[in-house]
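Structure first, then comments.
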Amino acid sequence: MLLYAILFVSGASILALELLASRIMTPYFGVSLYIWTGILSITLLALALGYWAGGRLAARPAGAKSHAARLLRLYAWMPAIAAAGIVGACLVYPHTFGALANWSLVAGAFAAALIFLLVPLVATSAMNPLLVALLLEKHAGGDAGAGKVFFVSTLGSVAGVFATAFVLIPYVSNYTATLIVAGVLAALTVVVVVAAPPGAAKVAGAGAAGIAALLLCAGMLWQADSYTGRQGPFSYGGVSWRLEASESSLFGTVKVLKSEEIEAGRFVRMYFHDGLTQNTVDSNNRSVSFYTYALEGLARMYGADAKRTLVLGLGAGMVPMRLAERGLKVDVVDIDPVARRIAAAYFGFDTARVATHVADARTFVGQCRGAYDVAVVDLFHGDGTPEYLVTREFFRDLARCLTDGGVAVFNTFADLERPRAYAHLLATLRSELPHLALYRPDAGGSVHVNSFIVASAKPLREPRRVTFDDVPARHQTALWNMLGGPIPLGSELLEGGRVITDAVSAAAHDFADMQLAYRRTVVEGMPSGMLMN
């Protein structure tokens, strides 16, 4: 029974590591189709190698009558080897993943997955055939308990997903969670050694390895901040930053970065989510990000008589707060409860003035009918908007959520070198909200540029002139020039665009290519310590 319990826990570590790997790698490599292909393929490769290696090790040596003691010794060593592999990965990845991302996002992601997953997953999966062979030595069942072995291991994997998602990720950093997994595996080896029958002296070596791995885990946890540099200071954008707060959730890691003092008593804060800057706010809780004023301005221009507004995507809470200050009734939807806590604690978001809903945007708009005069859509995860939020069905639900003649204002990214990805978005949006106005600031030579779309099921009204009294000076010219007139939606902007549906997407690879290109620009100029979760 003890050996099964150990297998259960080692099985839990397999999926725990895969889940943690995805979160650790996201700030460096993004969340594109190609990145997940790397993680999943390396996981399956490691499991296949582990099953094969375990089977080879379990083979009876020629002439041996019984090798149960040898099998038990090998079984005891595997968790310690896995723990050592994880410790090695934690020593390496904080200082190498940034370089791998700069080298190649796709090939680098495969290499990163190898570094993080190969050794521990090969070792833990080798335990399955070793336990089958050990049971066979003890004459267990017709199938030597093979079915039960894989059943227990797989149940452990399920438990590992739940434990990681609901116990580790919300309360500790990904680096700490990974070392906790390593420590648990090292402890398994010690348990096997302690429980080994008398005369199994050769198992003691595995026990020493397990204790050494445990001590290494404890030492690395103790010195984590100094070794990884995750607290800062970071030099970025000509400013020195330090980590002020960090919270993990099922939807990524949110960091609050605080700058050095710029002038007497003045500083800026950055809302930083999985390697991307969502907003930057000064010490008076005024946004210094261009898109904040662009979204507010377009919402006011095209929804001049609006009374009720929906904002999909909270971030630092700047847009919903500015609309609420204009006298609008605002509902904001965000799937991540951490966003609301961070926005309220560090960015001046007032939950008494704005109704907040912790929900998935797709689910929320699917349930509302004719409720809002304006919807502001600012939905990003990783390097773009999740694909299920750019389908025809989502836009159909969004149209139903608006009042008659209501408008939706979108914050999007365009890659000027890869226009087909944006053409897919425009074609899909026009299928349900056919009347569009596109606004872009002068790119200034940049390839990746914020693009803003106003969309409605009915012809758009003539936009009304709006005024601001608090736009940062560096944005004023670009903002007024952009709001002065939309970009004509010519055939070149729609060329190659295909309508995306829940059932069929011809855009997956185009979106992935665009997201990879954008992530590359992020990691090229950002300190590796800022990217570390």
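Along the sequence shown, residues are numbered consecutively beginning with 1.
- T280 is not listed as a side-chain neighbour of R269, based on a closest heavy-atom distance of 4.5 Å or more.
- For the pair N411/N450, a side-chain contact is recorded, criterion being any heavy-atom separation below 4.5 Å from C-beta on.
- In this structure a side-chain-to-backbone donor-acceptor pair under 3.5 Å is present from S157 to G11.
- Between the E393 side chain and the D502 main chain, a donor and an acceptor come within less than 3.5 Å of each other.
- Put simply, CG on L134 and CZ on R70 are 11.5 Å apart, with the number rounded to the nearest 0.5 Å.
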* **Worked verdict on T521 versus E524 for side chain to side chain donor-acceptor pair (under 3.5 Å)** => CA-CA 5 Å; T521 65; E524 282 174 353; over 6 Å; no

* Apply the test side-chain contact (heavy atoms from CB on, under 4.5 Å) to residues C401 and L310: give CA-CA distance (whole Å), side-chain angles for both, the deciding distance (0.1 Å), then the verdict. => CA-CA 9 Å; C401 200; L310 173 67; 4.2 Å; yes

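- In this structure, the side chain of S246 does not engage the main chain of K255 through any donor-acceptor pair within 3.5 Å.
- Checking side-chain atoms of T428 against main-chain N and O of I500 turns up a donor-acceptor pair under 3.5 Å.
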* Stepwise, does the side chain to side chain donor-acceptor pair (under 3.5 Å) test hold for Y422 with T412? -> CA-CA 9 Å; Y422 206 75; T412 67; 2.7 Å; yes

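- Using a distance-only test at 3.5 Å, with no hydrogens or angles considered, a donor-acceptor pair links the side chain of H273 to the main chain of F251.
- Looking at R230 and D225, a side-chain N of the basic residue comes within less than 4.0 Å of a carboxylate O on the acidic one, giving a salt bridge.
- Crowding of R396 atom CZ: a count of heavy atoms from other residues, nucleotides or ligands under 6.0 Å exceeding 12.
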* Chi angles and distances behind the side chain to side chain donor-acceptor pair (under 3.5 Å) call for D274, T26 -> CA-CA 7 Å; D274 273 347; T26 290; 5.1 Å; no

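- To the nearest 0.5 Å, atoms OG1 (T124) and CD1 (I81) are separated by 11.0 Å.
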* Asked: Between F272 and V256, does a side-chain contact (heavy atoms from CB on, under 4.5 Å) hold up when you go through it step by step?
  -> CA-CA 6 Å; F272 197 68; V256 179; over 6 Å; no

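- Residues L312 and D378 fail the side-chain proximity criterion, which asks for heavy atoms closer than 4.5 Å.
- Residues F151 and Y4 keep their aromatic ring centres 6.0 Å or farther apart.
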* Might you work through the side-chain contact (heavy atoms from CB on, under 4.5 Å) test for T164 and L15, ending with a clear yes or no? => CA-CA 9 Å; T164 305; L15 265 292; over 6 Å; no

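- The shortest distance between side-chain heavy atoms of N128 and Y51 falls below 4.5 Å.
- Under the 4.5 Å side-chain criterion, counting only non-hydrogen atoms from C-beta, P79 is in contact with M127.
- We find the OG-CH2 distance between S125 and W52 to be 12.0 Å, quoted to the nearest 0.5 Å.
- What you find for E417 and D415 is that their closest heavy atoms are N-OD1, 2.9 Å.
- Side-chain N or O atoms of W241 include one that pairs as donor or acceptor with a backbone N or O of Y236 at under 3.5 Å.
- Listed for the S153 side chain is no donor-acceptor partner under 3.5 Å among the backbone atoms of F150.
- Side-chain contact between R362 and T391 is present, with heavy atoms from C-beta onward closer than 4.5 Å.
- At least one donor-acceptor pair under 3.5 Å links the side chain of S22 to the backbone N or O of L19.
- Between F347 and Y271, a ring centre-to-centre spacing shorter than 6.0 Å is recorded.
- Residues M25 and Y93 form no side-chain contact, since every pair of their non-hydrogen atoms from C-beta on lies 4.5 Å or further apart.
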* To do: Check step by step if side chain to side chain donor-acceptor pair (under 3.5 Å) holds for Y518 and D513.
  => CA-CA 9 Å; Y518 181 69; D513 288 341; over 6 Å; no

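- Between A182 and C217, the shortest heavy-atom contact is CB-SG, 3.6 Å.
- Using a 30° and 60° split on the angle between ring planes, F395 and F410 fall in the perpendicular class, above 60°.
- Nearest heavy-atom pair, L185 versus A82, reported as atom, atom and distance to 0.1 Å: CD1-CB, 3.9 Å.
- Summarising the geometry, atom CE belonging to M220 is positioned 5.0 Å from atom SG belonging to C90; distances are rounded to the nearest 0.5 Å.
- To the nearest 0.5 angstrom, I14 atom CD1 is 8.5 Å from T154 atom OG1.
- L117 and I39 get closest at one heavy-atom pair: CD1-O, 4.2 Å.
- Residue H509 places its NE2 atom among 12 or fewer non-hydrogen atoms of other residues, nucleotides or ligands, all under 6.0 Å distant.
- Closest approach of P94 and S528 over heavy atoms only: O-OG, 3.3 Å.
- With H95 contributing its side chain and Y227 its backbone, the two residues share a donor-acceptor pair below 3.5 Å.
- Note that CD1 of I342 and CD of Q278 are 12.5 Å apart. Values are rounded to the nearest 0.5 Å.
- Between the side chain of R340 and the backbone N or O of F349, no donor-acceptor pair lies under 3.5 Å.
- Using cut-offs of 30° and 60° on the angle between ring planes, the pair F166 and F162 is parallel.
- Using a 4.5 Å heavy-atom threshold, the side chains of F413 and T385 count as separate.
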* To do: Mind running side-chain contact (heavy atoms from CB on, under 4.5 Å) on L531 and F97 for me, showing each step along the way?
  => CA-CA 9 Å; L531 296 170; F97 277 17; over 6 Å; no

